[in-house]
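By convention here, the first residue in the shown sequence is residue 1.
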Amino acid sequence: MPQLAFANSFWESFDVLEKPVKAGVRKAMGKFQLLTVAELHADKGLHLESVDKARDPRMRTIRINDFWRGVVLAPDDGSDVFLLVNVVPHDDAYTWAAKRLYTTNTATRGLEVRNVVAIEQLTPALEKAAASAPSLLFAHYSDKALRDLGIDEQVLRAVRTVIDKPQLEAFGTLLPEDQFEALQYLAEGFSPDEVYRDVVAVRRPADAGPDPDESLAVVIANTASRITLVTGPDELTDALEKPFAAWRVFLHPSQRRIAYRVSYAGPVQVTGGPGTGKTVVALHRVKHLLSRTPETRVLLTTYTNALAATLRESLSLLLDGDEEQLARVDVTTVNAYAHRTVTEADGRSPSLIGDRDERQAWERVVKKLSLPWSERFLAQEYRHVILAQDIRDLDTYRTALRRGRGSAVSTARREELWPAVELFESILRERGVSTHLQVCARAARLLEQAGPGYDHVVVDEAQDLHPAQWRVLRGAAAAGSDDLFLTGDPHQRIYDSKVSLGSLGISVAGRSSRLRINYRSTAEILDWSTGILTPVAVDDLGGQGTDSLAGYRSLLHGRSPRAEAHGSESDEVAALVERVEEWIEQGIRPSEIGVCARFNLLLDKAAEKLRAAGIPVVKVRDNPGPESDGVRLATMHAMKGLEFRCVAVLGTTSTALPFAREVTPVALDPIQRASDLLRERCLLFVACTRAREALHVSWTGVPSEFVPRVTDR
């Protein structure tokens, strides 16, 4: 019986097919499990046929239905392994197959594919342009050095025309996979020896001899990273039922250089826009740190419980479920770690106060002391000055800098304000409760006394951490080599926290990297979403200047976002149901669709109408597992760190974004107001950049001023 293997290119095409086409694929693949090779060629329903004028004589197509065909690489060497490489519309299948050539990489011995026709057509023109170029990207590498890395003659000729890294990236879709990755590493400054070690040696079979002329079955077996070999009907069913690449740990060479650097002299900062792979870099850094000694302990932390759960699951996949290594990593939020530290020290768990109760406590303070400030001003002063600088007495407060606060407070006024701080803390003590940040402040002091509990701390979503939380992390690992590894994006700062890392003893000077390529969203979604932030400047992660999305780009392309106005909220929700039904009809799984709004009230209405239409829904706040099918519903805040193939953002009205209750009045503090408005912009930016392939934005009445004035179409 023949065996069946699937290339990654197949999963990419299969994942976006409509349900009837997927059913046809399953039926066709099932025949490979039941028929002999001779019967496969004779089967009229499968209609396995060669491709006219194919550059690879092994190319075949099979019938899926009247409009779709599968492209198959058939063995011609006596082996029985067939490789399914794509599913494309009927007429396109022959054209696609005729241009592709599958070869064995002489260095890695893996199977790779190229668009041989396109390379042949482009190379002469590129050679003419290269002749007058001031410099060429690979000029200082000899032919022998490139051949040793698996670069063959056709690719070598094309490579000699490449001027810079953007041209290499543009050329990449035509080149063989292993060869392209080796070239990417060289372009990022890795030496040929390093590329051989990190790209070639890890893939080359240990028993590989000098002759690369192996059977198709052997070469497929050598390419486990890109080809899935199926050995039985149950395994076939399981493979076809699972979505493709629900989680990726691919690292671009520029990212690998950051994640797997042997050692850093101190704290490291990695920034980048949404989808640039910051989290994946952080996870790989954890893997590298664990590999150094068997005693290494790592704290991997983030902002929310939902993100921590995702990190835990992703790390387990990256480490192949290695329980010994996983046991040496604590994956938790900063608040949870601080809570645990205080609990262990006090012998009891601190009780936490909610936002509403905290606001009421400040209102009580204002009323009792008859102060000239509002409860909002006092709460912000306490958060941004008192807790941020760990101020514990009036003497310290008298001389404290209040950078970032728009209302001056004289020394006399500070003496009048300090009793409000003492009364607020007294009220909370009497009730036996604390705020999250108070718990963090106490945990930081305890760690300062007890000493660090980890060798390394890796932080994801660093942009939203408060100085009190940073002091906890600073105390979790001793200052020194590889102590802190920080990833974040100032453009996704959706909580009211800014920090000067240097003031906390966290210096990243000379150890900062910026990621600029988005691997998640299409260029169309990215361009539209960045328009939300275009009118404003964004402070950088460490509080030393501004950050920019200049050069931030995607290599993917797709549909333009839809931005639509509706006459009523019921019309908006009805349009949402239609859009979700369209996506599902296109083969998108409900769990790959995210629907978000600023408020739960609108989400509940959307959930009701989606269920009435027979569409399953689940709330993200309920922490549904990856196996739970249903459209994901979440507030904009809860969308942080998530991604979906399709995203609908509802209720982007002028009253929801910005939401007046979250914005400080200009008379109270103009600097804080500007910060609040930026935070509201970032919230919409985060929600929209969760989308990989399709984005739908809608509103009723007057749209938010943050929504770019671009519609589809």
Side-chain angles (χ1 to χ4, degrees), residues 4-32 40-41 43-74 76 82-103 111-123 154 170-177 180 216 226-228 239-240 243-245 522-524 554-560 582-588 645-646 692-694:
L4 194 59
F6 297 89
N8 277 0
S9 56
F10 161 77
W11 296 118
E12 291 168 348
S13 61
F14 180 77
D15 197 38
V16 298
L17 294 175
E18 296 181 1
K19 287 183 178 180
V21 184
K22 287 185 175 180
V25 173
R26 293 188 183 95
K27 181 179 179 181
M29 296 305 98
K31 290 187 176 183
F32 280 84
L40 284 176
H41 284 279
D43 188 89
K44 294 183 178 180
L46 199 60
H47 197 213
L48 182 67
E49 65 178 18
S50 59
V51 176
D52 187 38
K53 297 180 180 178
R55 301 301 295 269
D56 193 324
R58 298 170 296 177
M59 296 299 275
R60 305 285 187 273
T61 67
I62 57 173
R63 183 183 185 277
I64 303 300
N65 60 26
D66 289 341
F67 303 101
W68 291 84
R69 293 191 73 82
V71 181
V72 178
L73 190 68
D76 62 353
F82 288 74
L83 178 66
L84 188 65
V85 296
N86 208 348
V87 179
V88 285
H90 185 282
D91 293 342
D92 296 336
Y94 298 97
T95 303
W96 189 94
K99 295 179 179 179
R100 265 66 185 179
L101 175 65
Y102 282 80
T103 55
L111 187 69
E112 53 188 14
V113 61
R114 75 194 70 196
N115 187 330
V116 63
V117 173
I119 295 174
E120 289 175 348
Q121 292 174 343
L122 283 172
T123 300
Q154 184 189 43
F171 214 178
T173 57
L174 308 178
L175 300 178
E177 294 94 324
F180 178 50
L216 180 60
R226 293 195 302 272
I227 296 177
T228 305
L240 292 173
F244 168 69
T522 64
E524 289 74 15
S554 172
L555 304 179
L556 309 172
H557 287 279
R559 291 167 282 181
S560 297
E582 288 177 9
W583 287 334
I584 293 175
E585 281 296 313
Q586 293 166 7
I588 309 296
R645 290 181 64 183
C646 304
R692 286 165 49 192
E693 302 169 24

Partners of [X] by salt bridge (Lys or Arg N to Asp or Glu O under 4.0 Å), sequence neighbours excluded?
X	answer
Lys99	none
Asp92	none
Glu177	Arg226

On a heavy-atom basis, which atom in [X] and which in [Y] lie closest, and how many Å separate them?
X	Y	value
Ala28	Ile62	CB-CD1, 4.3 Å
Gly587	Lys22	O-NZ, 3.6 Å
Met59	Ala54	CB-CB, 4.3 Å
Val113	Arg100	CG2-CG, 3.5 Å
Ile64	Val21	CG2-O, 3.8 Å
Ile227	Ala5	CG2-CB, 3.8 Å

Please list, chain by chain and in numerical order, all residues satisfying side chain to side chain contact (heavy atoms under 4.5 Å, CB included) with Gln154, sequence neighbours excluded. Arg114, Val116, Ile119, Glu120, Asp152
[Y] side chain reached by [X] side chain, heavy atoms, under 4.5 Å:
X	Y	value
Leu216	Asp76	no
Met29	Phe82	no
Val85	Tyr102	yes

Working to the nearest 0.5 angstrom, can you tell me the gap between [X] [atom1] and [Y] [atom2]?
X	Y	atom1	atom2	answer
His47	Leu40	NE2	CG	13.5 Å
Phe6	Asn86	CZ	CG	13.0 Å
Leu73	Leu101	CG	CG	9.5 Å
Phe171	Asn115	CZ	CG	10.0 Å
Glu112	Thr103	CD	OG1	4.5 Å

Taking ring pair (Phe, Tyr, Trp, His ring centres under 6.0 Å) as the definition, give me every residue that meets it alongside Tyr94, ordered by chain and number, with sequence neighbours left out. His90
Quick one: ring pair (Phe, Tyr, Trp, His ring centres under 6.0 Å) partners of His41, sequence neighbours excluded?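 Partners of His41 under the ring pair (Phe, Tyr, Trp, His ring centres under 6.0 Å) test: none.
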When you look at CD of Glu585, are more than 12 heavy atoms from neighbouring residues, nucleotides or ligands closer to it than 6.0 Å? no
Assess whether side chain to side chain contact (heavy atoms under 4.5 Å, CB included) is satisfied between Thr61 and Trp96, documenting all intermediate values. CA-CA 11 Å; Thr61 67; Trp96 189 94; over 6 Å; no
Salt bridge (Lys or Arg N to Asp or Glu O under 4.0 Å) with Asp56: which of Lys53, Arg60, Arg58?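 Result: among Lys53, Arg60, Arg58, Arg58 is the only option passing the salt bridge (Lys or Arg N to Asp or Glu O under 4.0 Å) with Asp56.
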